[in-house]
Amino acid sequence: MSVRTRFAPSPTGYLHVGGARTALFNLLFARQHGGKLILRIEDTDEKRNTPEALEAITDGLDWLGIDWDEGYGKGGNFGPYRQSERNAIYEKHFAVLQAGGHTYEDAGAIRFRSPRKTVTVDDLVCGKIDFDMSNPVTHPDMTIRRPDGSWIFHFVNVVDDLEMKMTHVIRGEDHLSNTPKHIELYQALGAEPPKFAHIPLILNHEGKKLSKRDGGSSLSYFLENGYVPEAVLNYLCLLGWSPGENRELLTIAEIQELFSLDGINRRNAIFDLDKCFWLNGQHLQTMALERFVALSRPFIVKAGIVATTDEDLLKALTIVKPKVKHLSDVPAWIGFLFTEDYPFDPEAVEKSLRKPEALDHLRALGAALATLTEWTHPAIEARLKETAAAAGLKAGPFVHPARVAVSGKAVGPGLYEMLELLGKDRVLARFQKAEQLP
RNA sequence: GGUGCCUUCGUCUAGGGGUUAGGACACGGCCCUCUCACGGCCGGUGCACGGGUUCGAAUCCCGUAGGCACUGCCA
């Protein structure tokens, strides 16, 4: 039987990073076994569902590159894939439960009568766990249908996994305690339960469930703040899973190849934005320039930067790529290359242009560069160093004023690359302008 | 409260009877250097606690404590 896994979110908010990781693990497992990932929308609670939330989920999955094979938006042989459209199927299975004497009414709602036995959950991650369900006080019969006829999660979740022929249910550990109830349902329906794998939870810095207030709890945060999907994916898969051999910086292809349910540990993990940030910089550095350009473009456009030519933009991004950590920083790093009206950081001006000799150095450098015939990075560097040596100084005293004069900032791409890109005329003009700074 | 799960540097983790307990992020210092970054080097902090078992325990067992989840006519 070929593997079928699913991601079954409820469209009630945004796509949570925990949900994204669950989807990712399901995808990886399916791919490794030549199986399929199904997307099912669990929207039985009408009051809480919104179309925006549904869109946020599919947008988030698309952005991460979690491409499901079947389900909502793609179709398949086991649809419909929204629970709100599957009523007839639920009625059918509900009738089976009723006929078997497994249900009873309670204040208008319908409950499932537990067989009151010990249920063993044989989990692919957690191992064998026994749940003693005999005490109705500690394990009350679950409600499966509301008085208005709508369905409760436990029931529809089981019916759908059954109907959609799921072989493996990989989900958050918050469902571990629900699993014996689900198994009772499968058995009452005369069906074999799928294999279960419960993965550890993602917590915030206080060790509590990650909530909206925590930075990075929503996947959209990463998109908006200039993270790239491969870095987020890389970080997410490292939460609760390790490929061993001290490997951490992984491409999607490597993750795909190395992933295994065996490598998943059972500890909840605290979400650490710092490490995700680092991973982002690493992926930015190693990715192809074309991809960097494509990913940067929306941020550049949004910042209103208009590059003189595509070629110039490409050159600018080339010198920025090895150093920038967030795509959202790109505009600030290249903006001054495409306008004479670039802002000056007061602190940088104070530190590098207001020093007593700073303007003298800038003037000397300007004069030295004015006679340079070959305007290239190495030639500029050589000339600057000669100038510094002639003054009996290191390069620093010349570099810093030049950097601030030309870019307005203390931080940015390598100076010589910047100067080369700007061209001699603009560089000399900016040097002069810097002397007039208020 | 009940049930279940979990507990290795601040964080993510490797290690599953004999290791100077390894790596990464973060942090501090140094080197490189034009700032930042990258890279390199060094550093500190860790097996929750208490009992066993054993020649030997981070590793196995028991207990305690703490954390998390579930305990909904939410999912």
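Each chain gets a letter, A, B and so on, in the order its sequence line appears, and its residues count up from 1. Model, not experiment: these values are computed from the prediction.
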Before accepting this row, confirm whether a basic side-chain N of the pair R86(A)/E91(A) lies closer than 4.0 Å to the acidic partner's carboxylate O.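 The answer is no: the pair does not qualify as a salt bridge.
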
In terms of side-chain geometry, is the basic nitrogen of R247(A) or E254(A) positioned less than 4.0 Å from the acidic oxygen of its partner?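 Yes, this pair counts.
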
At under 4.0 Å between heavy atoms, what does [X] touch on the DNA or RNA strands: base, sugar-phosphate, or nothing?
{"X": "A410(A)", "answer": "base"}
{"X": "Q285(A)", "answer": "sugar-phosphate"}
{"X": "Y416(A)", "answer": "base"}
{"X": "P140(A)", "answer": "sugar-phosphate"}
{"X": "N135(A)", "answer": "nothing"}
{"X": "D45(A)", "answer": "sugar-phosphate"}
{"X": "G244(A)", "answer": "nothing"}
{"X": "R111(A)", "answer": "sugar-phosphate"}
{"X": "G172(A)", "answer": "nothing"}

Between R403(A) and C36(B), is there a side-chain N or O to OP1/OP2 distance below 4.0 Å?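 Answer is no, no contact under 4.0 Å.
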
Taking the side chain of [X] as heavy atoms from C-beta outward, which of [options] is closest to it?
{"X": "K325(A)", "options": "C12(B), U11(B), A37(B)", "result": "A37(B)"}
{"X": "E42(A)", "options": "G22(B), A75(B), U11(B)", "result": "A75(B)"}
{"X": "D272(A)", "options": "C36(B), U11(B), A75(B)", "result": "U11(B)"}
{"X": "W278(A)", "options": "C12(B), A24(B), A75(B)", "result": "A24(B)"}

Would R363(A) pass as a cation-pi partner of F431(A), given that its NZ or CZ must be under 6.0 Å from the six-membered ring centre and within 45 degrees of the axis?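 Not satisfied by the 6.0 Å and 45° rule.
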
F7(A) vs I66(A), test: side chain to side chain contact (heavy atoms under 4.5 Å, CB included). Steps then yes/no. CA-CA 10 Å; F7(A) 178 51; I66(A) 295 178; over 6 Å; no

